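No hydrogens, no waters, no symmetry mates; every other heavy atom, side chains included, goes into these values. Predicted model, so just to flag it, every value in this text is computed and none were measured. Sequence positions, counted from 1, serve as the residue numbers for this chain.
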Amino acid sequence: ALSVVSNNIANVNTEGYSKQTVELASSSINTDTSNLYAQAASGLGAVIESISRSKSSYLDSYYRTENSTYSYYDELSTNANLIDTITDQLSGTGLTTALSNFYAAASDLSNEPTDISIRTSFLSAAKTVCDSFNSTASSLTELRTTLVGDGTSEGLKSSTINSYVDIVNGYLDQIANLNQNIAKSGTSGSDVNSLLDERDQLLDKLSDYVPVTTTSSSNNVVTVSIGGTEVVSGSEVLGKLDVSVGTSDTPAIVSIIDSG
C-alpha cells in the first residue's frame with residue numbers, strides 16, 4: 001500500500017498518469033487447519049485485493065467527444081485566419097480596397113474621359129485589381145495544395161491531410177498492440193494500470209484528429225470506432241484511414257478501408 005502511495009506522489013506531474021487506489025478486503029478465515037487459534041488469527045486484518053485507477057469512463061468519453069469538436073473548430077479557425085491574411089482585408093490593402101479604388105477611378109474617368117492623368121490613374125487602379133486577384137488566387141491555391149494536395153499523387157503525398165492520416169493509422173496500430181499486451185498481462189495477473197494509462201493517452205490523442213468512441217470488455221480490452229465504424233477490435237486493426245486523389249474541387253478524399 002505504501003508503494004502505491006509513493007508511486008502516486010512520484011507521478012503527480014506525469015502526463016497521462018492516473019492516481020491508483022489500493023482496494024482492501026477482509027482477510028478470510030483459514031479453514032484448512034483444525035487449530036482454532038490459527039483459524040481465528042487468519043481472519044484478522046485486511047489483504048490487498050487489487051490496485052485500481054481513479055478513472056471515469058464517462059468523463060473519458062465526454063472529453064474525447066468535446067476534444068474532437070474543439071480540434072475541428074480550432075483547425076477551421078486556423079485556416080480561416082490564414083485565408084484572412086491572404087486576402088489582407090483587415091490591413092486595408094486587400095481586394096476590397098483595390099476594387100474600391102478601381103470603382104472610384106472609373107467614376108472619375110466617366111466624368112472626365114479626356115483627362116490624361118485620370119486615364120492613367122484608371123489604368124493603374126485596373127492593374128492593381130488584376131495583380132491583387134492574381135496574387136490572392138496564387139496564395140489560396142498554395143494553401144489548398146499544402147492542406148489537401150493539388151489533385152495529383154505527388155501533391156497528396158506532401159499534404160497535411162496525408163500526414164494526419166498516417167498519424168491516425170499509427171495510433172490505431174499502437175492501440176491494438178496495447179490491447180494485446182493488456183489482455184496478456186491480465187491473464188497472467190500482472191498489473192496493467194500503466195498500460196491502461198498509455199492506451200488512454202493514445203485515445204485522447206486520436207480524438208485530436210477524428211471523432212472516436214470506445215467500448216470496453218471485461219478484460220479491459222477496448223473496441224475503437226471512428227464515426228461509428230469499428231476500426232480496432234481487441235488486438236486486430238479492422239480498418240484504417242485512406243486518402244486518395246479526388247477531383248479539382250475536392251483534391252483529397254478520406255475514407256475508411258479494410259486493413260486486411
Side-chain angles (χ1 to χ4, degrees), residues 15-18 52-53 55-76 147-149 151-247 249-260:
E15 183 181 1
Y17 177 81
S18 299
S52 62
R53 298 188 307 153
K55 292 285 285 186
S56 168
S57 58
Y58 169 77
L59 291 178
D60 282 343
S61 176
Y62 181 81
Y63 167 79
R64 289 164 192 152
T65 298
E66 295 303 311
N67 187 50
S68 291
T69 301
Y70 167 79
S71 296
Y72 170 79
Y73 285 109
D74 183 57
E75 187 78 11
L76 185 65
L147 294 175
V148 294
T152 66
S153 298
E154 282 301 314
L156 188 61
K157 286 180 182 178
S158 58
S159 66
T160 300
I161 189 65
N162 190 61
S163 65
Y164 284 176
V165 166
D166 287 341
I167 290 172
V168 168
N169 289 336
Y171 286 156
L172 297 180
D173 286 334
Q174 293 179 65
I175 291 169
N177 288 333
L178 281 169
N179 270 344
Q180 184 177 35
N181 292 336
I182 288 168
K184 288 181 179 179
S185 298
T187 302
S188 64
S190 302
D191 179 32
V192 298
N193 286 335
S194 60
L195 294 175
L196 294 175
D197 283 345
E198 185 179 351
R199 189 184 63 192
D200 282 345
Q201 268 194 291
L202 285 173
L203 289 169
D204 290 345
K205 291 178 180 178
L206 183 61
S207 70
D208 287 337
Y209 298 91
V210 290
V212 57
T213 56
T214 62
T215 54
S216 184
S217 62
S218 57
N219 61 348
N220 288 319
V221 170
V222 296
T223 298
V224 182
S225 298
I226 294 177
T229 301
E230 286 189 8
V231 289
V232 174
S233 179
S235 60
E236 184 179 1
V237 179
L238 302 177
K240 287 191 172 184
L241 292 189
D242 176 69
V243 58
S244 57
V245 176
T247 64
D249 292 332
T250 310
I253 298 175
V254 178
S255 58
I256 298 176
I257 61 172
D258 190 338
S259 64

With a 4.5 Å cut-off on side-chain heavy atoms, are [Y] and [X] touching?
X	Y	value
Asn67	Asp204	no
Thr214	Asp60	no
Thr69	Tyr72	no
Val210	Leu241	yes

Can you measure from [atom1] ([X]) to [atom2] ([Y]) and round to the nearest 0.5 angstrom?
X	Y	atom1	atom2	value
Glu230	Thr215	CD	OG1	6.5 Å
Ile175	Leu206	CD1	CG	5.0 Å
Leu178	Ser194	CG	OG	9.5 Å
Asp197	Leu202	CG	CG	11.5 Å
Lys157	Ser153	NZ	OG	7.0 Å
Thr213	Leu203	OG1	CG	10.0 Å

| request: Sequence neighbours left out, what passes side-chain contact (heavy atoms from CB on, under 4.5 Å) with Ser159? Give chain and number order. | output: Leu156, Ile161, Asn162
Quick one: closest heavy-atom pair of [X] and [Y], and the distance?
X	Y	result
Pro251	Gly151	CB-N, 3.9 Å
Val221	Gly234	CG1-CA, 3.4 Å
Ser207	Ser68	O-OG, 2.9 Å
Val237	Leu172	CG2-O, 3.9 Å
Ser185	Leu195	OG-CD1, 3.7 Å
Ile226	Ile256	O-CD1, 3.8 Å

| request: Check step by step if side chain to side chain contact (heavy atoms under 4.5 Å, CB included) holds for Val232 and Val222. | output: CA-CA 8 Å; Val232 174; Val222 296; 6.0 Å; no
| note | Applying ring-ring contact (aromatic ring centres under 6.0 Å, His included) to Tyr164 and not counting sequence neighbours gives Tyr209
| Basic-acidic side-chain contact under 4.0 Å: Asp200, Arg64 |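 Looking at Asp200 and Arg64, the cut-off is met.
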| If you look only at pairs with a residue in residues 169-182, which of them pass as a side-chain hydrogen bond (donor to acceptor under 3.5 Å, both in side chains), with sequence neighbours excluded? |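 Residue pairs passing side-chain hydrogen bond (donor to acceptor under 3.5 Å, both in side chains), neighbours aside: Asp173-Lys240, Asn179-Arg199.
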| field | Short side-chain to backbone donor-acceptor contact, Ser233 and Glu236, under 3.5 Å | value |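 Checking the backbone N and O of Glu236 against the side chain of Ser233, no donor-acceptor pair under 3.5 Å is found.
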| query | For the side chain of Thr250 and the backbone of Thr247, is there at least one donor-acceptor N/O pair under 3.5 Å apart? | reply | no
| field | Pair Asn219, Ser217: side-chain N/O donor-acceptor within cut-off below 3.5 Å | value | yes
| task | Step by step, work out the side chain to side chain contact (heavy atoms under 4.5 Å, CB included) result for Val165 and Asp242. | result | CA-CA 7 Å; Val165 166; Asp242 176 69; 5.9 Å; no
